[in-house]
Amino acid sequence: MCAGCPHRGLFYTLAKHKITCLGDIGCYTLGSAAPLFALDSTLCMGASVSGLHGFNKAGGADSEKKTVCVIGDSTFMHSGMTGLVNVAYNGSNSTVIILDNSITGMTGHQQNPTTGYNIKGEPALAVNLEALCHSIGIDRVRVVDPYNLKECEEAILEELAADAPSVIISRRPCMLLKYVKAKPPVTVNKDKCVGCRQCMKLGCPAISIKDKKAVVDFTQCVGCDVCTQLCKLGAIEKGDR
């Protein structure tokens, strides 16, 4: 996944807590790769939601408390909604995570019904994901910023613990969109860095290790600051804003 990808923080949180995750078709399927290993299955477009429903119906309470699915905003509109209807209608205690990056990322940044533009780039009706999920019958719907690891962790653990179906919308636009502006790159304080490699667990292409110290490639870093939240020693510092 790209430096600054909004899915990285969410996937890191899932991997940290060893949560079983049913994936779907999109650029976020790359979350299955090292070092995150965040996805446990990917079958076909839209199958993550219906798969989670069946998985939890078969596994019962043990499965419900440690299993989620992820699906992109575009894929959800394409073929994920029907699965969520089944979750609500059949009373499946499932946690569905919609990765809303405001575009169809996998196949070239096409618009979708949630973006407010049609395929020609003309203004169009924008579907409100929160309202849509509520209308389907999901009472527990919340939005998180995937750049905020604490917020992601709290939301995921709380919704898994709840005895009700829920939807978490992880919302932040793709960093490759033209209107999204990067922040100054982070820097590494080599005096503080001990080479613990905790930052490497994110799988960010902008971070590497050289001479047993973390190194940030300023040509790739977009200043998302997710890595600064991981470094307990404060060795990774925010860039000048």
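Nothing fancy with the numbering, it's 1 onward along the sequence. Just so we're clear, the structure is a prediction, and the values are computed from it rather than from any experiment.
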Next on the checklist: Any heavy-atom pair between the side chains of Asp24 and Cys69 that's under 4.5 Å?
Outcome noted: no
Item to check | Between Gln220 and Asp217: side-chain donor-acceptor atoms closer than 3.5 Å | outcome: yes
Checklist entry - Do Arg171 and Val144 touch side chain to side chain, with heavy atoms closer than 4.5 Å? => result no
Item to check | Over all atoms of both residues, closest heavy-atom pair of Ala126 and Thr115 | outcome: CB-C, 4.4 Å
Item to check | Residue pairs fulfilling side chain to side chain donor-acceptor pair (under 3.5 Å) with at least one residue in residues 27-47, sequence neighbours excluded | outcome: Tyr28-Thr75
Checklist entry - Do Leu99 and Ile103 share a hydrophobic cluster (ILVMFWY, side-chain heavy atoms under 4.5 Å, transitive)? => result yes
Checklist outcome for this item: Closest non-hydrogen contact found for Asn118 with Gln111 is O-CG, 3.3 Å
Checklist entry - In terms of hydrophobic clustering (I, L, V, M, F, W, Y; side-chain heavy atoms under 4.5 Å; direct or indirect links), are Tyr179 and Met175 co-clustered? => result yes
Checklist outcome for this item: Closest heavy-atom pair, Glu151 versus Asp145, reported as atoms and distance to 0.1 Å, is OE1-N, 2.6 Å
Checklist entry - Counting only N and O atoms by type, is there a donor-acceptor contact under 3.5 Å from the side chain of Ser74 to the main-chain atoms of Asn112? => result no
Item to check | Val96/Ser166 under side-chain contact (heavy atoms from CB on, under 4.5 Å): CA gap, chis, key distance, verdict | outcome: CA-CA 6 Å; Val96 174; Ser166 60; over 6 Å; no
Next on the checklist: Within the 4.5 Å heavy-atom criterion, are Ile97 and Ile71 side-chain neighbours or not?
Outcome noted: no
Next on the checklist: When you compare the side chain of Cys204 with that of Arg8, does any pair of heavy atoms fall below 4.5 Å?
Outcome noted: yes
Next on the checklist: Is there a path of hydrophobic side-chain contacts, each under 4.5 Å between heavy atoms of I/L/V/M/F/W/Y residues, joining Leu149 to Ile236?
Outcome noted: no
Checklist entry - If we ignore angles and hydrogens, is there a donor and acceptor under 3.5 Å between the side chains of Ser92 and Asn56? => result no
Item to check | salt bridge (charged side-chain N to carboxylate O under 4.0 Å, His left out) between Lys65 and Asp163, worked out | outcome: CA-CA 9 Å; Lys65 301 303 181 184; Asp163 290 323; 2.8 Å; yes
Next on the checklist: Test: ring pair (Phe, Tyr, Trp, His ring centres under 6.0 Å). Region: residues 48-85. Which pairs qualify, not counting sequence neighbours?
Outcome noted: none
Item to check | More than 12 heavy atoms of other groups within 6.0 Å of Lys201 NZ | outcome: no
Checklist entry - Between Lys238 and Pro184, is there a donor-acceptor pair closer than 3.5 Å when you use the side chain of the first and the backbone of the second? => result no
Item to check | Side-chain touch Leu14/His17, heavy atoms, less than 4.5 angstrom | outcome: no
Next on the checklist: Side chains of Met77 and Asp73, heavy atoms from C-beta outward: is any pair under 4.5 Å?
Outcome noted: no
Checklist entry - Out of Glu159, Glu158, His134, which residue meets the side chain to side chain donor-acceptor pair (under 3.5 Å) rule with Arg140? => result Glu159
Next on the checklist: Under 4.0 Å between a side-chain nitrogen and a carboxylate oxygen: does that hold for Asp211 and Lys190?
Outcome noted: no
Next on the checklist: If we count only N and O atoms by modelled type, under 3.5 Å, do the side chains of Thr67 and Glu64 hold a donor and an acceptor together?
Outcome noted: no
Next on the checklist: For a quick test of reading the model, state the closest non-hydrogen atom pair linking Pro146 to Cys152 and the distance between them.
Outcome noted: CA-SG, 3.5 Å
Next on the checklist: So, using side chain to side chain donor-acceptor pair (under 3.5 Å) as the criterion, who are the partners of Asn101 when residues are at least two apart?
Outcome noted: none
Next on the checklist: Exactly one of Pro6, Pro173, Ser102, Cys174 should register a side-chain contact (heavy atoms from CB on, under 4.5 Å) with Val180. Which one does?
Outcome noted: Pro173
Item to check | Lys/Arg N to Asp/Glu carboxylate O, Glu130 vs Arg142, below 4.0 Å | outcome: no
Item to check | Tyr117 atom OH: more than 12 heavy-atom contacts under 6.0 Å | outcome: no
Checklist entry - If you look at every heavy atom in Asp225 and Thr228, which pair is closest and at what distance? => result O-OG1, 2.6 Å
Next on the checklist: Quick check: do Lys66 and Lys18 have side-chain heavy atoms less than 4.5 Å from each other?
Outcome noted: no
Next on the checklist: What I'd like to find out is whether the side chain of Val167 reaches to under 4.5 Å of the side chain of Leu84, using heavy atoms alone.
Outcome noted: yes
Next on the checklist: Check for me, please, whether Tyr147 and Phe11 land in the same ILVMFWY cluster - side-chain distances under 4.5 Å, paths through other members count.
Outcome noted: yes
Item to check | In one Ile/Leu/Val/Met/Phe/Trp/Tyr side-chain cluster, 4.5 Å: Val141, Met81 | outcome: yes
Checklist entry - What's the shortest heavy-atom distance between Cys199 and Ile207, and which atoms? => result SG-CG2, 3.8 Å
